[in-house]
J.: 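What follows is a structure written as structure tokens; I'll ask about it next.
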Amino acid sequence: MTGAFLAGLAAGYGVAVPVGAIAVLIMGLSARTSFRVGVAAALGVATADGVYAAVATLGGAAVAGLVAPVAGPLRLVAAAVLLALAVRGAWQAWHPAPVRAAGPRRGLESPGRAFAGLLALTMLNPATVVYFAALVLARNDGHRVGPAAAVAFVAGAFLASASWQLLVAGGGSMVGRALTGPRGRRITGLVSSAIIAALAVAVLLTG
């Protein structure tokens with residue numbers, strides 16, 4: 001169970017750390033409205049990551065019996081997916097697209113609306129569930145996921161995402177500029193890619 005929680009933490013930081021439009025929006029909301037609104041927005045993003053982690057975990061448990069005969073090749077495929085995501089993240093870190101520092105969108109000025117709005121915006125990125133699914137299927141090696149391990153993995157992913165997004169929301173103007181500037185986005189993108197690549201290597205070594 002502890003291993004599943006730590007795996008969820010690593011997975012959550014891997015997907016949460018890159019700073020892009022969502023982080024800029026969270027910081028803008030926090031700066032221009034209130035810290036409460038920023039916290040609600042951050043928790044909306046973390047909830048979306050947790051939902052995708054839960055979907056991947058439940059899906060992996062559902063197909064565990066079917067994939068058991070091909071668990072070895074599946075691990076290689078999962079590692080290849082993770083490495084591809086790491087390479088893609090590193091490429092985007094070195095060749096970033098412009099990120100506009102948009103102000104609060106209309107209708108996101110209250111904590112409830114900020115939570116719902118950022119939850120919906122983050123859920124529009126289905127690549128996140130592919131990322132979690134690759135990790136879950138590789139880690140389980142074709143075996144079913146116990147309820148405690150599943151809850152621990154999802155909790156770890158949620159807490160990692162929440163802690164990072166709350167840092168973004170409450171980091172203040174100085175930290176905010178450091179994270180959202182070109183250098184900050186490059187560093188966070190490379191850190192995320194390194195985490196994902198390390199997870200891919202761990203998948204291969206545990207085989």
Side-chain angles (χ1 to χ4, degrees), residues 3-24 45-46 48-64 66-99 121-143 145 149-150 153-154 156-161 164-165 168 179-180 182-207:
F5 177 76
L6 293 177
L9 278 179
Y13 281 121
V15 77
V17 164
V19 171
I22 293 293
V24 173
V45 175
D49 289 340
V51 168
Y52 271 141
V55 169
T57 303
L58 294 175
V63 302
L66 298 176
V67 303
V70 292
L74 180 65
R75 185 187 296 109
L76 296 178
V77 172
V81 170
L82 292 173
L83 285 173
L85 290 172
V87 171
R88 176 176 176 269
W91 174 266
Q92 291 178 335
W94 282 106
H95 303 84
V99 177
L121 286 173
T122 309
M123 291 292 290
L124 292 176
N125 183 18
T128 304
V129 78
V130 174
Y131 165 72
F132 282 121
L135 282 171
V136 169
L137 290 175
R139 285 187 66 256
N140 294 328
D141 198 18
H143 300 292
V145 185
F153 180 85
V154 174
F158 172 81
L159 289 176
S161 180
W164 180 259
Q165 304 303 341
V168 170
L179 289 177
T180 57
R183 180 177 297 180
R185 287 188 286 126
R186 176 174 295 175
I187 291 173
T188 56
L190 291 175
V191 168
S192 170
S193 295
I195 293 173
I196 296 173
L199 291 172
V201 171
V203 165
L204 294 175
L205 292 180
T206 55

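FYI, the numbering just counts along the sequence from 1.
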J.: What are the two closest non-hydrogen atoms of Phe158 and Ala46, and how far apart are they?
T.: CD1-O, 3.3 Å
J.: Search all heavy atoms of Ala16 against all heavy atoms of Ser161 and return the closest pair with its distance.
T.: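 For Ala16 and Ser161, the tightest heavy-atom pair comes out as CB-CA, 3.9 Å.
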J.: Of the non-hydrogen atoms in Leu190 and Trp94, which two are nearest, and what is the gap between them?
T.: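 Nearest heavy atoms, Leu190 then Trp94: CD2-NE1, 3.4 Å.
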J.: Can you see which heavy atom on Ala160 is nearest to which on Leu9, and at what distance?
T.: CB-O, 3.3 Å
J.: How would you list, by chain and number, every residue that makes a side-chain contact (heavy atoms from CB on, under 4.5 Å) with Ala10, sequence neighbours excluded?
T.: Leu199
J.: Output all residues satisfying side-chain contact (heavy atoms from CB on, under 4.5 Å) with Val87, sequence neighbours left out; order by chain, then residue number.
T.: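 Val87 satisfies side-chain contact (heavy atoms from CB on, under 4.5 Å) with no other residue.
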J.: Treating Ser193 as the side-chain partner and Ala90 as the backbone partner, does any N or O pair qualify as donor plus acceptor under 3.5 Å?
T.: yes
J.: Within the 4.5 Å heavy-atom criterion, are Phe5 and Leu159 side-chain neighbours or not?
T.: yes
J.: Hey, what do you get for CG (Asp49) to CE (Met123), rounding to the nearest 0.5 Å?
T.: 9.5 Å
